[in-house]
Colleague: 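Sending over a structure as structure tokens; questions will come in a sec.
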Amino acid sequence: MPGRIVLGTQFGDEGKGKITDYCAESASMIVRFQGGNNAGHTVKIGEEVYKFHLLPSGVLRPEKLAVIGNGLVVDPIVLLQEVNDLKERGFKVDNLRISDRAQVIMPYHKIIDGLEEQAKGKMAAGTTMRGIGPCYTDKVARWGIRIVDLIDEEVLKAKLTSIVPMKQKIIQAFGGTEHLDAEAIWSEYAGYGRQIRDYVLDASVLINAALKSDEEVLFEGAQGTHLCIDFGIYPFGTSSNCTAGAALTGAGVGPGKIQKVVGVTKAYTSRVGTGPFPTELDDEVGEGMREKGGEFGTTTGRPRRCGWLDLVMVGHSARINALTSLAVTKIDVLGGMDKIKVCTEYEYDGGIIRDFPANMRILSQCKPIYKEFDGWDDKTDEGWTEAAQMGYDLLPEDMKTYLNFMEQELEVPVGIVSVGPARAQTIIKGQF
Ligand code: GDP
Ligand code: IMO
Ligand code: MG
């Protein structure tokens, strides 16, 4: 049975939550491997909508384990809030497991996130202000507090005693006025440790045991390849690795355990935050995508910037992640358009660019070269549900032409086509 990774190929918000929930059907375990509560993953079941920031999208399936891997940064306040919210909605949440090696987002990380964003000026990414960057910074600098420390009150106290005065100096250096009280932070966070300790274990032992027993394990990515700290729009992306490789290091499994990598790709592009976006539509077409696609941040509520599908970007993801299939989402949102454009390459300084550039000055000057497609008729929400039940072959011919073009250009087969947020609005085209 495979280890299957589900990850985003664009700037996030591709519909990873929906596709993870769908793929979770055949898995015994769903593992998140990076990021924190900067993520906002939406799952719709019947008329109920669930928005997850930290919990794996598989947590709604009580018979399957939902695991927070070592690669995450965990804000215990948000974690407990999400668990309590689910309990209020009738879930027991006793299927949750948390890696003892995950990092903890502390109050000073959130303060410093805001101060750094202000100080960065034009280099600011427009972060979610959740303390993600400062927490990953501490992980790498070895100032971090891990879950295993949070549940060991003595270690927590010793670490805070040396870390907090240093963080106080950093806050002051940035001109911040917040006062940190090490004793108060210790007593508050030791309390969170007591509340979560029953969920904590060495997650890699659990995950590898499942793989060894031939169970399917689903690895759920957050953010997207173009927000990745290495391959994204640096410095405007996030602070973690968001690619397939991160599923290995962020969960504690070896490469031989992964058989499938599903690249979740929105049929157009959206971005929440700053930085270059070659196919952005700063007009009524982009506005129409935003309104019809409900493109407002799941975490911060900010309007998302929208534009045409960019195959230079998605091709970059196909290569880095060795995608084995695509899950194309929100293609229903393009319904009713007369013409639909797809960017196949960039023009820059009189030449052609086919590989996504590392240089942000160059990327910001790239002009997309488009191929134009005929659009297809729109349907109501029920109409898309019916279309999904009828299967791939009966989809509009022009939609299939669009999907075939994606497959040919990317050399990756489309496995899943999503025509709405609900489980029933999902079409299987091929292997995924
Ligand atoms: P994620 O961060 O990648 O999980 O994506 P988000 O949940 O932030 O944003 C995707 C939004 O689109 C959510 O509101 C989903 O319910 C919704 N969605 C997912 N797939 C589809 C689809 O195929 N069609 C439509 N119309 N909406 C979808
Ligand atoms: P999901 O998992 C879209 C963006 C922020 C900002 C940059 C850095 O729902 O796809 P951070 O708070 O991570 O330091 O912010 O990354 N960003 C996201 N954009 N979807 C997300 O997650 C994102 N997580 C972070 O807007 O530009
Ligand atoms: Mg999201």
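Remember, it's 1-based here, ligands and their atoms both numbered in the order they're listed. Small disclaimer: the values here were computed from a predicted structure and weren't measured.
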Colleague: Any idea which protein heavy atom is nearest atom 26 (O) of ligand 2, and the distance to it?
Modeller: Val272 O, 2.8 Å

Colleague: What protein heavy atom sits nearest atom 7 (C) of ligand 2, and how far away is it?
Modeller: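 Its nearest protein heavy-atom neighbour is Gly237 O, 3.5 Å.
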
Colleague: To which protein heavy atom is atom 20 (N) of ligand 2 closest, and what is the distance rounded to 0.1 Å?
Modeller: Asp13 OD1, 3.2 Å

Colleague: Would you check whether Arg304 reaches within less than 4.0 Å of ligand 2, judged by its heavy atoms?
Modeller: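 It does not, in that no heavy atom of Arg304 comes within the 4.0 Å cut-off of ligand 2.
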
Colleague: For ligand 1, does Val419 get within less than 4.0 Å through its side chain, its backbone, both, or neither, judged by non-hydrogen atoms?
Modeller: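 It is the backbone that gets close, since no side chain atom is under 4.0 Å.
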
Colleague: So does Gly40 have any N/O/S atom less than 2.8 Å away from the Mg ion (ligand 3)?
Modeller: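 Under 2.8 Å: Gly40 contacts the Mg ion (ligand 3) through an N, O or S atom.
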
Colleague: Which residue owns the protein heavy atom closest to atom 27 (O) of ligand 2, what's the atom, and how far is it?
Modeller: Ala125 O, 2.7 Å

Colleague: Quick check on contacts: which atoms of ligand 2 are under 4.0 angstrom from a heavy atom of Lys16?
Modeller: 1 (P), 2 (O), 10 (O)

Colleague: Check ligand 2 against Gly12 and write out every atom of the ligand that is under 4.0 Å from a heavy-atom position of the residue.
Modeller: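 Taking each heavy atom of Gly12 in turn, ligand 2 has 10 (O), 20 (N) under 4.0 Å.
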
Colleague: Return the residue, atom name and 0.1 Å-rounded distance of the protein heavy atom closest to atom 4 (O) of ligand 1.
Modeller: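 Closest protein heavy atom to atom 4 (O) of ligand 1: Gly17 N, 2.8 Å.
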
Colleague: Should you measure from each heavy atom of Gly15, which atoms of ligand 1 turn up under 4.0 Å away?
Modeller: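 Under 4.0 Å from Gly15, ligand 1 has these atoms: 1 (P), 3 (O), 4 (O), 5 (O).
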
Colleague: Can you sort out which atoms of ligand 1 are near Val333, meaning under 4.0 Å from one of its heavy atoms?
Modeller: 26 (N)

Colleague: Among Asp332, Thr20, Val417, Thr329, whose heavy atom sits nearest atom 26 (N) of ligand 1?
Modeller: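 Minimum heavy-atom distance to atom 26 (N) of ligand 1 goes to Asp332.
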
Colleague: For atom 12 (O) of ligand 1, state which one of His53, Gln425, Lys330 supplies the nearest heavy atom.
Modeller: Lys330

Colleague: Report the part of Arg130 (side chain from C-beta onward, or backbone N, CA, C, O) that has a heavy atom under 4.0 Å from ligand 2; answer both or neither where that applies.
Modeller: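 Near ligand 2, Arg130 shows nothing, with every heavy atom at 4.0 Å or more.
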
Colleague: Considering only the protein, which heavy-atom contact is closest to atom 9 (O) of ligand 2, and what is its distance?
Modeller: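 Minimum-distance protein heavy atom for atom 9 (O) of ligand 2 reads Gly40 N, 2.8 Å.
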
Colleague: Thr298: heavy atom below 4.0 Å from ligand 2, yes or no?
Modeller: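 No, Thr298 has no heavy atoms under 4.0 Å from ligand 2.
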
Colleague: Who's the nearest protein heavy-atom neighbour of atom 17 (N) of ligand 2, and how far?
Modeller: Leu227 CD1, 3.7 Å

Colleague: With respect to the Mg ion (ligand 3), what is the nearest N, O or S atom of Asp13?
Modeller: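 Of all N, O or S atoms in Asp13, the Mg ion (ligand 3) lies closest to OD1.
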
Colleague: So which protein heavy atom does atom 15 (O) of ligand 2 come closest to, and at what separation?
Modeller: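 In this structure, atom 15 (O) of ligand 2 has Thr127 CA, 3.4 Å as its nearest protein heavy atom.
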
Colleague: Mark the output for His41 as yes if a heavy-atom distance to ligand 2 is under 4.0 Å, and as no if none is.
Modeller: yes

